[in-house]
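Presented below is the structure to which this report refers.
What you are looking at is a predicted structure, and each value in this text was computed from that prediction instead of being measured. Any value given below was found using the heavy atoms of this structure, including those in side chains, with hydrogens, waters and symmetry copies removed.
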Amino acid sequence: MDRHRAQTIIEAILFTMGESVELKKLAEVIEEEVAVTKEIIEELINQYKEDNRGISILELDGAYQMCTNGEMYEYLVKIAK
């Protein structure tokens with residue numbers, strides 16, 4: 001599977017799950033080695049940072065979770081009011 005397709009799949013999984021997903025499970029889904037999957041996720045994380053996106057991906061004890069970029073907090077508060 002090409003890296004872009006793998007990133008797209010991981011992105012969809014993390015967005016849909018709304019909670020952290022273990023690296024090993026992500027690797028199984030995209031049918032890649034754990035080390036390769038970690039590289040793919042790191043590339044995606046860096047893309048979000050470089051593009052200054054409103055979302056980011058965090059690593060939490062060997063699992064990954066999509067979350068809102070901390071710089072967006074004030075806007076989230078405004079919309080919630």
Side-chain angles (χ1 to χ4, degrees):
M1 174 179 309
D2 77 29
R3 286 176 103 78
H4 182 264
R5 179 71 177 155
Q7 286 178 342
T8 303
I9 293 166
I10 291 168
E11 194 173 41
I13 291 168
L14 296 179
F15 177 79
T16 302
M17 296 304 293
E19 58 186 37
S20 61
V21 180
E22 293 177 8
L23 176 59
K24 183 179 176 183
K25 288 184 180 181
L26 292 168
E28 290 172 5
V29 170
I30 64 169
E31 299 176 349
E32 282 288 356
E33 298 288 326
V34 170
V36 172
T37 303
K38 185 172 178 74
E39 288 175 11
I40 291 169
I41 295 169
E42 291 298 323
E43 289 170 4
L44 191 55
I45 289 169
N46 289 331
Q47 286 174 16
Y48 285 148
K49 285 180 184 176
E50 288 173 11
D51 293 344
N52 198 26
R53 306 287 294 269
I55 56 174
S56 61
I57 297 173
L58 294 178
E59 181 179 3
L60 308 164
D61 297 324
Y64 292 88
Q65 183 172 359
M66 186 171 280
C67 62
T68 305
N69 180 329
E71 295 176 9
M72 300 297 118
Y73 181 74
E74 69 179 280
Y75 303 104
L76 297 172
V77 170
K78 285 181 182 180
I79 196 72
K81 287 185 177 181

Please test N69 against N52 for side-chain contact (heavy atoms from CB on, under 4.5 Å), starting from the C-alpha separation and ending with a verdict. CA-CA 9 Å; N69 180 329; N52 198 26; 4.1 Å; yes
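- By the salt bridge (charged side-chain N to carboxylate O under 4.0 Å, His left out) test, E22 pairs with no residue at all, sequence neighbours left out.
- Contact of the L14 side chain with the I41 side chain is not registered, since no non-hydrogen atoms from C-beta on lie closer than 4.5 Å.
- Contacts of M1 classified as side-chain contact (heavy atoms from CB on, under 4.5 Å), with partners at least two apart in sequence or in another chain: R5, A6, I9, I30.
- With sequence neighbours excluded, the residues satisfying side chain to side chain donor-acceptor pair (under 3.5 Å) with Y48 are E11.
- In this structure, I57 is not a member of the same hydrophobic cluster as L76, with clusters built from ILVMFWY side-chain heavy atoms closer than 4.5 Å.
- Residue S20 holds its OG atom at 13.0 Å from CE of M66, rounded to the nearest 0.5 Å.
- The distance from atom CG of L44 to atom OG of S56, rounded to the nearest 0.5 Å, is 10.5 Å.
- Pairs of residues two or more places apart, or lying in two chains, that qualify as salt bridge (Lys or Arg N to Asp or Glu O under 4.0 Å) and include a residue from residues 55-76 are K38-E59.
- Here E31 pairs with nothing under the side-chain contact (heavy atoms from CB on, under 4.5 Å) rule; sequence neighbours left out.
- Every residue meeting the side-chain contact (heavy atoms from CB on, under 4.5 Å) condition with D51, not counting sequence neighbours, appears here in chain and number order: R53.
- Residue L58 is not grouped with residue M72 when hydrophobic side chains (ILVMFWY) are merged at heavy-atom distances under 4.5 angstrom, including chains of intermediate members.
- Other cluster members for Y73: V77, joined by side-chain heavy-atom distances under 4.5 Å among Ile, Leu, Val, Met, Phe, Trp and Tyr.
- Residues passing the salt bridge (charged side-chain N to carboxylate O under 4.0 Å, His left out) test with R3 are E39, E43, sequence neighbours excluded.
- Between the CD atom of E19 and the CG atom of L60 there is a distance of 11.0 Å, given to the nearest 0.5 Å.
- Within the 4.5 Å cutoff, no side-chain heavy atoms of I10 are placed close to those of V21.
- For E28, the side-chain contact (heavy atoms from CB on, under 4.5 Å) partners at least two apart in sequence or on another chain are K24.
- Side-chain contact check for I45 versus Y64: some heavy-atom pair is nearer than 4.5 Å.
- Closest approach of G18 and Q65 over heavy atoms only: O-NE2, 3.4 Å.
- Here I79 is tied to no hydrophobic group at all, with no ILVMFWY side chain closer than 4.5 Å.
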